[in-house]
Every structure is written in C-alpha cells, then in structure tokens.
Q: 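After the structure tokens below, expect a handful of questions from me.
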Amino acid sequence: MQAGDPVVGVAGAQSRSEDEESLGVKDVKRTATQAFGSGVPKRRSSSRSIKRKKFDDELVESSLVKSSSRVKGPPVIEPVRFSGSEPSSSEKKKVTKSGTSLILPLTMVVNPAPITKRVKKSKQPLHITKDLGRWKPTDDLLLINAVLQTTDLTSVHLGVKFSCRFTLREIKERWYSLLYDPVISKLAWQAMRQLHPEAIAAIQSKALFSQAEEALLAKIGSTSQPKLDVFQDLLSKHPAVFHQSRTPKSLLVHWQLLKQYYLLDDQSVQPLPKGDQVLNFSDAEQMVDDVKLKESRDEVLEHELMISDRHQKREIRQLEQELPRWQVLVDSITGMSMPDFDNQTLAALRGRMVRYLMRSREITLGRATKDKPIDVDLSLEGPAWKISRKQGIIKLKNNGDFFIANEGRRPIYIDGRPVLSGNKWKLNNNSVVEIAGLRFVFLINLELISLIKAEAAKMAPQ
C-alpha cells in the first residue's frame, strides 16, 4: 500500500481543505448575521418620537447627544481570516459563489464613508446686534457731524434731536464704540454709505453751529436789518469756518435766534434790580404808554365787514317782502281759547307758535322750499329739518270726515298712535297731531261741517 499512501494523503488533504472551507463559510455567515441581524423576521416597531417644538435647553442637549453619537460611529467588523495558508483561486471562486450576497455589505461596513462634521458659522454677539438696532445710521451721522462741530458730547445731548431719546451715557458709549470698536464702526460705516444723498443732505443741514460760526454771526449789529446778501458775503469770505451745508437763509435764522436771546456782541442782558428798586405790576402798568396799545386801523377788515353788512340787510328786505304771503294761511295765536271760525274755514291746525287755517277740502303738510311751495309750512312752528318736503295730506270727504295720509318717510302720530308712510287715519275734533317733535291740535268747525253733512244727506236720495 505504499503506492496508495500518497493517494490517501491527497484525499485527506482535499477533505481537510473542504472542511476548512466550510468552516470559513460558516464563520462568514456568523459574522454577517451578527452585523446585520438574523434572518428571522421580527415585529416591526417605530422608535421615532413624536415631533414637537423643543425648548432652548432641549435643543442644546439634543445637539450634544448628536455630536457624541457622530464621534462614536458605527461598529467596525474586521474581515474573517482563514486558518492555515491562503486559499487557492478555486477555493476563492467557491467562496464567492456561496457567499456573494454577503461580501458586498461587508466591504461597505469594513470601509465606512468618512463622516463630515457641520461647522456652524460664528454669530455676532447679541449686544452688538441690539446696539446696532437701537442706533440708526441717521443717528450715527447726526452724532458724527455734531461732535465735529462742537467737540462736546454734552452740547450734542442737549442740541441734537435723534430718532429716539438717548441719555448722555448712551451717547458717550456710542461715540467711543464708533472710535474704538472695529466691528461696530465697520457696520455703522456700511449703513451710512447706503443712505440716500437727499437724506444725507437733510442731516447735514441740521448740524449744530460751532463757536467760530456764532462768533462771526454775533459781529452783525442788532440794530441793523441784514439781508441775505450780507450772509452770502460771510460764506464767501470764511468758507473754512462755516459748515458746507450752510446757506444764507439758515445763517439769517440763526442770527435772529441769537438776537432774540441777547447773544450778539452789541447786546447786553440787563441785570435784575435789587432791593427797593424792584418794580411791581402796578408801577409797570403806569409806565406803559396807552398810545402804543391802540390798534391800528385795518382797511381790509373794515371793507369786508361793510360787504357782509350789505348782504344781511338785503336778506332782511327779502324776508319783509315775503311776510304778506305767509299771512294768507298763518295767523298768530294770542291765547288758548277756542278760535272763532269764519264761514270759509273748515278746520284749523293749531301749534304753540302759529295757527294754520284749512280753507279747502285738501291741503298738503311739509317743509316749503324755493323750488316747491306747499300749503302748510311746518318750519314756521319750529325746527323742521327732519320733516319731509311733502309729509302728509289732510282731506275732507263728502260725509264730513277728515283723514290724514302720510306721504313722508317719518311716521305721524295721531293721539299717540303711529301712522306709517303710505297709510291714513281719521282725524277727530281736538286730535293731537305730532310730526317730528312738533305737536299740533286739530280743531274742526263743527257748524260748517254739520251744514256740509246736511247737504250731502239731501243729495244722497237723488
């Protein structure tokens, strides 16, 4: 069996290599199951929490947790090493055929992709942004111009009107930050460069006057009446002293202020008297000249008053001419006794001031105008601006009954009962008629109405 010994060794070697190959495949499968989980299907469940808004402290904690989890990274699975020597090419083919689906994900897990960390941009401190939001670029430009003119922050605080009220301490802090803080000065400079040229010119025109400018203006006498040419000469002679935004008109206005407060060179403020020389009110009143207190004659005002007087007299004449026409149907009441009716008056509508006589079978009530005359003008009794132009109609029927029909917008009250627009109601003797706050008593000439009823009864059988 010596000749067969090598055959047995070769067969044994082949069987050993196959055992090692099967063991290697099992190890690869075991590691794959450890990395990706077992193939047994499990119950699916969601591990995500309910989304809700987080508070500031929760945001900080979650960001710390995420950063720690990113640093740790996923578990790294080392490649499986086969015992013994490296496998041959045929063994590699077998392994690849049996475990093709396992090698690809293993290579991905063994060589994980590099994790990129997000670097947040550094934000500016909160106090800087808050300070920039309080101070506008117009305020910065006003502050710079005022300091260059006066070189005194107290004068700037008293004389400059900013967009909001700043204290002297805030103005000092802002000025020092514009000088020495590079971040604030850069941002303020960029904001001021974006201003419109017209806005810049308006701000520069509000610059305070320097002491040198006021000294030149104070040399002009208070008794003189300077014109714009004088201030134009000052600007042309001293261009280095005056601000570039100064105009002759602005210099004139400031000179008038200096004169008002006695700040010119030829003016002096008189000291207050001391001791017994103090004047009281009665002494000062005696010293006043009464001639200076008389008002001067105003011809324009007198002419306007004369014209208005003429118009009023013309209206009075027109009213006097219209009085006879009103007396046709209106008679003044001297007492509350029963009126004496004549043979032509059917009824009367008596108010507090006037009495309206009804001498026809149908009359209209309302508010008379120039374009539309009316039989009974209720405006003669009182305010009638709520009464319609044609408020109602009073009509006498053949049977001797009086009816009132409402033709206006507002209701008419008969003995407290409202008669709406489009309706009518019977009027009796001594009925109270109320129209827009005006009250009247309806009085009937009973003798004349009885005659009319008798005639109507005679005509009925025929």
Side-chain angles (χ1 to χ4, degrees), residues 134-181 184-185 188-189 191-193 195-274 277-279 284 292:
R134 180 95 186 277
W135 282 86
K136 297 180 181 179
T138 54
D139 297 332
D140 293 333
L141 190 57
L142 278 171
L143 177 61
I144 293 171
N145 287 335
V147 172
L148 291 176
Q149 286 292 108
T150 59
T151 63
D152 184 12
L153 291 176
T154 306
S155 302
V156 173
H157 175 248
L158 296 174
V160 179
K161 185 177 181 181
F162 295 99
S163 62
C164 58
R165 195 178 186 86
F166 294 109
T167 60
L168 180 59
R169 182 179 178 182
E170 290 174 341
I171 292 174
K172 289 181 179 179
E173 291 177 356
R174 183 62 178 179
W175 175 249
Y176 295 148
S177 59
L178 288 174
L179 286 178
Y180 304 114
D181 194 332
I184 292 179
S185 60
W189 176 252
M192 285 187 290
R193 290 184 63 183
L195 290 174
H196 196 271
E198 294 182 358
I200 295 174
I203 293 170
Q204 289 180 351
S205 64
K206 299 177 183 178
L208 297 178
F209 279 79
S210 62
Q211 294 180 357
E213 292 176 340
E214 290 184 348
L216 290 175
L217 290 175
K219 293 179 180 179
I220 301 174
S222 60
T223 57
S224 62
Q225 299 293 333
K227 296 183 180 180
L228 296 178
D229 298 337
V230 177
F231 299 102
Q232 184 64 42
D233 295 339
L234 275 179
L235 288 174
S236 59
K237 291 179 181 179
H238 307 280
V241 176
F242 290 99
H243 193 266
Q244 59 182 358
S245 63
R246 303 295 184 216
T247 59
K249 188 175 181 179
S250 63
L251 295 181
L252 175 60
V253 172
H254 194 71
W255 178 83
Q256 291 174 351
L257 287 175
L258 294 176
K259 180 181 177 182
Q260 180 180 355
Y261 292 102
Y262 293 91
L263 297 176
L264 299 179
D265 292 343
D266 60 346
Q267 289 179 329
S268 60
V269 180
Q270 297 179 359
L272 293 175
K274 297 180 180 180
Q277 297 179 358
V278 179
L279 296 176
K292 295 181 180 179

Q: Could you tell me if the side chain of F162 sits less than 4.5 Å from the side chain of L143, heavy atoms only?
A: yes

Q: Is there side-chain contact between D181 and Y176, with heavy atoms separated by less than 4.5 Å?
A: no

Q: Do P226 and F231 come within less than 4.5 Å of each other through their side chains, counting heavy atoms only?
A: yes

Q: For the atom pair OG (S222) and CG (D265), what is the distance rounded to the nearest 0.5 Å?
A: 10.0 Å

Q: Closest approach of D140 and A188, non-hydrogen atoms and distance?
A: OD2-CB, 3.6 Å

Q: Short question: side chain of D266, backbone of G221 - any donor-acceptor pair under 3.5 Å?
A: no

Q: Assess whether atom CD of Q256 is packed by more than 12 heavy atoms of other residues, nucleotides or ligands within 6.0 Å.
A: yes

Q: Between atom CG of N145 and atom OG of S205, what is the distance when rounded to the nearest 0.5 Å?
A: 10.0 Å

Q: Answer yes if the side chains of E213 and H238 hold a donor-acceptor pair under 3.5 Å, and no otherwise.
A: no

Q: Give the minimum heavy-atom separation between I220 and L264, together with the two atoms involved.
A: O-CD1, 3.9 Å

Q: If I compare all heavy atoms of V156 with all of A146, which pair ends up nearest, and what's the gap?
A: CG2-CB, 3.6 Å

Q: Take L263 and E214 through the test side-chain contact (heavy atoms from CB on, under 4.5 Å) and record every step on the way to the result.
A: CA-CA 9 Å; L263 297 176; E214 290 184 348; over 6 Å; no

Q: Quick check for you: to the nearest 0.5 Å, what is the distance between I171 atom CD1 and L142 atom CG?
A: 10.5 Å

Q: Is L235 close to T247 at the side-chain level, that is, under 4.5 Å between some pair of heavy atoms?
A: no

Q: Below 4.0 angstrom, N of the basic side chain to O of the carboxylate: do E170 and R174 qualify?
A: no

Q: To the nearest 0.5 Å, what is the distance between CZ (R246) and CD (Q204)?
A: 10.5 Å

Q: Any idea which heavy atoms bring S155 and L208 closest together, and the distance?
A: O-CD1, 4.0 Å

Q: With the side chain counted from C-beta on, respond yes when I144 and M192 share a heavy-atom pair under 4.5 Å apart, and no when they do not.
A: yes

Q: Heavy-atom distance under 4.5 Å between the side chains of T150 and F209, does that happen here?
A: no

Q: Is the backbone N or O of V147 less than 3.5 Å from a side-chain atom of T151, with the two atoms forming a donor-acceptor pair by type?
A: no

Q: Quick one: pull up OG in S210 and CG in L148 and give me the separation to the nearest 0.5 Å.
A: 11.0 Å

Q: Go through the steps for F242 and L251 under the test side-chain contact (heavy atoms from CB on, under 4.5 Å), then give the verdict.
A: CA-CA 10 Å; F242 290 99; L251 295 181; 3.7 Å; yes

Q: If you draw a 6.0 Å radius around NZ in K206, do more than 12 non-hydrogen atoms from other residues or ligands fall strictly inside?
A: no

Q: Does Q267, at its CD atom, have more than 12 non-hydrogen atoms belonging to other residues, nucleotides or ligands within less than 6.0 Å?
A: yes

Q: Mind listing the closest non-hydrogen atom pair of A207 and Q149 along with its distance?
A: CB-CG, 4.3 Å

Q: Would W135 and I184 count as a side-chain contact (heavy atoms from CB on, under 4.5 Å) if you check the C-alpha gap in whole Å, the side-chain angles of each, and the deciding distance to 0.1 Å?
A: CA-CA 11 Å; W135 282 86; I184 292 179; over 6 Å; no

Q: Just how far is it from atom CD of Q211 to atom CG of D152, taken to the nearest 0.5 Å?
A: 8.5 Å

Q: Determine the minimum heavy-atom distance between S163 and K136, stating which atoms define it.
A: OG-CD, 3.9 Å

Q: Only one of L217, V241, D229 forms a side-chain contact (heavy atoms from CB on, under 4.5 Å) with L234, so which one is it?
A: L217

